[in-house]
Amino acid sequence: MWESVLNREHLEIQADQSRKSVLLRIKKAQPAAEAASLHLNESEFFEVIHTLLTINRTFNQPANYFDAEKP
């Protein structure tokens, strides 16, 4: 059963725990316009998360907490 886990003005994310699926809905500005939807299974969802985290790391350019080359 789909459960809404995030609902914003232009984005809604629903999850179905029994099917391990995620549904992303991009809402259009016009109320009469139909939203675009993307249905992802568990592995596709993890790939998207991994990609978004990689992008986030490049945006933030995190510093290392230790220098691996020093003894």
Side-chain angles (χ1 to χ4, degrees):
M1 184 167 154
W2 292 106
E3 176 185 346
S4 184
V5 292
L6 177 70
N7 195 356
R8 298 289 185 255
E9 184 179 353
H10 297 290
L11 174 69
E12 181 180 11
I13 300 175
Q14 296 180 354
D16 184 344
Q17 291 186 7
S18 64
R19 288 189 258 168
K20 296 183 179 180
S21 297
V22 175
L23 180 66
L24 304 172
R25 300 183 76 215
I26 309 296
K27 302 173 188 176
K28 305 231 177 152
Q30 301 86 5
E34 189 173 325
S37 297
L38 177 62
H39 182 241
L40 303 171
N41 64 30
E42 185 179 16
S43 72
E44 293 168 330
F45 179 65
F46 283 129
E47 287 181 53
V48 169
I49 288 175
H50 176 73
T51 303
L52 292 173
L53 288 172
T54 301
I55 292 168
N56 184 54
R57 278 188 224 102
T58 62
F59 286 170
N60 294 320
Q61 299 176 354
N64 292 330
Y65 292 105
F66 63 92
D67 189 353
E69 295 181 13
K70 290 183 181 179

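- Here the CD atom belonging to Glu47 is positioned 12.0 Å from the CG atom belonging to Leu52, to the nearest 0.5 angstrom.
- We find the CG-CD1 distance between Asn56 and Ile49 to be 13.0 Å, quoted to the nearest 0.5 Å.
- At least one side-chain heavy atom of Leu11 sits under 4.5 Å from a side-chain heavy atom of Ile26.
- Side-chain contact check for Asn7 versus Lys27: some heavy-atom pair is nearer than 4.5 Å.
- The distance from the CZ atom of Arg25 to the CD atom of Glu34 is 8.0 Å, given to the nearest 0.5 Å.
- Val5 and Leu40 fall within a single hydrophobic cluster, where Ile, Leu, Val, Met, Phe, Trp and Tyr are joined by side-chain heavy atoms under 4.5 Å apart, directly or via other members.
- Expressed to the nearest 0.5 Å, how far OG of Ser18 lies from CD of Glu3 amounts to 11.0 Å.
- When the options Leu24, Val48, Leu23 are evaluated for a side-chain contact (heavy atoms from CB on, under 4.5 Å) with Leu38, the one that passes is Leu24.
- Under a hydrophobic clustering in which Ile, Leu, Val, Met, Phe, Trp and Tyr are joined whenever their side-chain heavy atoms come within less than 4.5 Å, directly or via other members, Val22 and Met1 fall into different clusters.
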